Every structure is written in C-alpha cells, then in structure tokens.
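Remarks on the structure that follows.
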Amino acid sequence: MARFQPCHGKDACRDNGERCLTCGRSLSEIARLRDALDALANLAIEHGYENSEEFASYVARKLSKTINHRREQLQ
C-alpha cells in the first residue's frame, strides 16, 4: 500500500511533466485532490457555513471511515 506524501506548497513544487519531484505524487493525482478540495470549499461557501473548521473536521472523520469501510469490503 502506498503512503500519502502531503504537498509542501505550490512554491516548493517541481515536476518532470508527470510527477512532482518534491512530494513524488503524480500530477494527475495532485489535480484530482485539488478538484475535490475545491468542490468541498464551494459546497461550504454555497451553503454559507460559518463554522468551516467543524465542516472540515466532519469531512475528515467521514472520509477516514469511508476509506476503512471500503478497504474492508475489498478484502
């Protein structure tokens, strides 16, 4: 199983056209994650959530549970 390597920031990014040479993730993976984060941010803004930290914590908890559940289903 692969280990997630977080981004070190756009200023630290260097790529070879396929991968970020700093974090090692593929550029397509980075783009998909950015799109997902953008969609979540838009959802919070569209619904006028004032408590963005609580929303982000909820998403993190649910995401972790969903990943674990799906991994169990695959076994």
Side-chain angles (χ1 to χ4, degrees):
M1 200 175 288
R3 184 158 177 82
F4 175 76
Q5 179 67 31
C7 183
H8 297 266
K10 283 188 177 184
D11 292 338
C13 269
R14 297 179 305 115
D15 71 81
N16 63 3
E18 286 185 38
R19 303 188 94 50
C20 173
L21 301 174
T22 305
C23 72
R25 293 185 293 140
S26 72
L27 298 182
S28 64
E29 175 188 349
I30 292 168
R32 287 182 64 192
L33 181 55
R34 284 184 183 151
D35 289 346
L37 290 172
D38 186 57
L40 287 169
N42 285 337
L43 178 70
I45 291 167
E46 288 168 13
H47 290 280
Y49 297 156
E50 295 176 0
N51 54 343
S52 59
E53 292 83 10
E54 190 172 347
F55 173 71
S57 294
Y58 171 80
V59 169
R61 282 192 315 273
K62 292 298 284 186
L63 179 59
S64 182
K65 287 180 180 182
T66 300
I67 291 168
N68 291 333
H69 176 73
R70 290 185 183 180
R71 283 182 179 156
E72 288 173 7
Q73 296 298 312
L74 291 173
Q75 294 179 358

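Computed from a predicted model, the values in this text were never measured in an experiment.
The side chain to side chain donor-acceptor pair (under 3.5 Å) check on E54 picks up N51, with sequence neighbours excluded. For N16, the side chain to side chain contact (heavy atoms under 4.5 Å, CB included) criterion is met by E18, R19, L21, not counting sequence neighbours. Y58 is linked by a ring-ring contact (aromatic ring centres under 6.0 Å, His included) to nothing, counting only residues two or more places apart in sequence or in another chain.
Counting side-chain heavy-atom gaps under 4.5 Å among Ile, Leu, Val, Met, Phe, Trp and Tyr, L74 is found in no cluster with other residues. Residue L27 belongs to a hydrophobic cluster whose other members are I30, with links defined by side-chain heavy atoms closer than 4.5 Å. When hydrophobic side chains of Ile, Leu, Val, Met, Phe, Trp and Tyr are connected at separations under 4.5 Å, L37 ends up clustered with F4, L33.
Among pairs with a residue in residues 63-75, none fulfils side-chain hydrogen bond (donor to acceptor under 3.5 Å, both in side chains), at least two apart in sequence or across chains. Residue pairs meeting the ring pair (Phe, Tyr, Trp, His ring centres under 6.0 Å) criterion with at least one partner in residues 28-49, sequence neighbours excluded, are H47-Y49, Y49-F55. For residues 22-37, the side-chain hydrogen bond (donor to acceptor under 3.5 Å, both in side chains) pairs, not counting sequence neighbours, are S26-S28.
Rounding to the nearest 0.5 Å gives a distance of 9.5 Å between OG of S52 and CD1 of I45.
Between P6 and C23 the shortest heavy-atom distance is O-CB, 3.8 Å.
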